[in-house]
There are 2 protein chains.
Amino acid sequence: MGKTAESAAGAPRGPATASIRRTSEAQILAAAETVFAQSGFDGATMTQLAATAGLPKANLHYYFGTKERLYCAVLERILALWLDDAVEWIVPDRHPAEGLAGYVRAKMAHSRRRPEASRIFAGELLRGAPHIMSYLRTDLRQRVTAMAGVIAGWSKAGLMDPVHPVHLLFAIWAMTQTYADFDAQIRAVLDKTKIGDAEFATATETVVALVLKGCGVRAPAMEP
Amino acid sequence: MGKTAESAAGAPRGPATASIRRTSEAQILAAAETVFAQSGFDGATMTQLAATAGLPKANLHYYFGTKERLYCAVLERILALWLDDAVEWIVPDRHPAEGLAGYVRAKMAHSRRRPEASRIFAGELLRGAPHIMSYLRTDLRQRVTAMAGVIAGWSKAGLMDPVHPVHLLFAIWAMTQTYADFDAQIRAVLDKTKIGDAEFATATETVVALVLKGCGVRAPAMEP
DNA sequence: ATCATGTCTGACCAGGCGGTCAACAAATCA
DNA sequence: TGATTTGTTGACCGCCTGGTCAGACATGAT
């Protein structure tokens, strides 16, 4: 039937431009990420959310219905980004010296570039993960199992010590995300209003070294 | 003048039993620690706080005035406990193998025994530490400086690698507190409703090994 | 008894919260 | 063009929030 050419995918209703919806939703989601990261779910108010988005409050309800649905939309957006780092680095083909270092650096870069996403995730976990428990138990758990297998393989191959793979991952997540989540503490201790690139690079290399040496990763063999 | 014998210290007014005040305050603080840990400052309500304490709402206001003052009282209680671990373990007399391992184990024990305290602290940091920023910049920073000196001393003495001491501390805090703060994630990934003692011991030893090997701590010399 | 002091609490309040809705503007379809 | 759907918004609502307060109650000194 005569659907217009534009609506290729993801436009269940509305025959023509869903671009307005997309634009407004993106605008609201971006604002919401900032506000939820600063104030948390309970601390944020719809009025504050609307003001940050530069739209009337009723408009947010038009697009997302309730505060909780808006929050969940923000969460889903974050989770999508969350999973991609691992598959690039924690793979059997790589040497652990490269894989673990790359993964840690990717996670640190995440904490640097998108601290708000990390903070929203942290807040959700702190409250017992009421909105993402099912995701944790399925998607995340599955990925962790896969990554743990890779790491165990590295150990068996004699490329590194036999470290408990899952707890190693917890440790890596903790060390890297702390620079986003608990930034206030780090700034206070370092006596800086903002963490500079140099300081962050120092942090990154400290964590990388801690992980590589901590896992007893052997020097990678040079490819012929 | 004729103050009764009981009021030895800390009873500025009231001639007789200040024990009632002490008891009620302790009861309220204990309940508040639980509720604030579960729901955060914004999520918790005075009604919920009162119900958990088993007292009428007005009673909480009688003793603490406002929700914020109650919250701050809870925070202060936590901070007092927070500082004591370090001074016992991160001291020049000890070998780093003993000092770092002991410190990590103490922090892990803290996460195990008093996860609520850790979560309240984490929530406060996540929101930018509005109530404890001055504490972080004074007390905590001072202690960190002292600890960093000890660690740097260990490195100079050739007892361990020259690891950046402050970032090492951030890493230790992150790895240990993650077992309290993000317990939901850990339980979901491990597919357990509760983390057992055995699993927690595994976690502890994983972190201890990661830190000791990661810092290149030499084997401690035996005392004659 | 009387009084002073501290403790306790039900009833109440103003304000802000998330959410609704009717009416209106804009865009797309026929 | 008119018809129909989608987007926009100010005004409004009921509820729950943190906080108040007058007065009941307990306790010990005089």
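Order of the sequence lines sets the chain letters (A, B, ...), proteins ahead of strands, with each chain counted from 1.
- The pair D139(B)-R143(B) does not count as a salt bridge, with every side-chain nitrogen at least 4.0 angstrom from each carboxylate oxygen.
- In summary, of the residues considered (L60(B), T23(B), V74(B)), a side-chain contact (heavy atoms from CB on, under 4.5 Å) with I28(B) occurs for L60(B) alone.
- OP1 or OP2 of dT7(C) sits under 4.0 Å from a side-chain N or O of R21(B).
- Distances shorter than 4.0 Å separate some side-chain N or O of Y62(B) from OP1 or OP2 on dT7(C).
- A donor-acceptor contact closer than 3.5 angstrom is absent between the side chains of Y179(B) and H110(B).
- Under 3.5 Å, the side chain of K67(A) and the base of dG19(C) form no donor-acceptor pair of N or O atoms.
- In this structure, S24(A) does not reach the dT6(D) phosphate: none of its side-chain N or O atoms is under 4.0 Å from OP1 or OP2.
- We find that CZ of F64(B) is positioned 12 Å from P of dT7(C), with the value rounded to whole Å.
- Across dA27(C), dG10(C), dT9(D), the shortest atom-to-atom separation from the side chain of P56(B) is found for dG10(C).
- Among the atoms of the strands shown, only primed sugar atoms or phosphate atoms (P, OP1, OP2) are found under 4.0 Å from some heavy atom of Y63(B).
- Across all strands, A44(B) comes closer than 4.0 Å only to sugar-phosphate atoms, never to a base (heavy-atom distances).
- The residues R105(B) and E205(B) are annotated as salt-bridged, a charged nitrogen and a carboxylate oxygen being separated by less than 4.0 angstrom.
- Rounding to whole angstrom units, CG of residue D42(A) and P of dG16(C) are separated by 19 Å.
- Between K57(A) and K57(B), the residue anchored nearer the 5' end of DNA chain C, judged by the nucleotide with its closest heavy atom, is K57(B).
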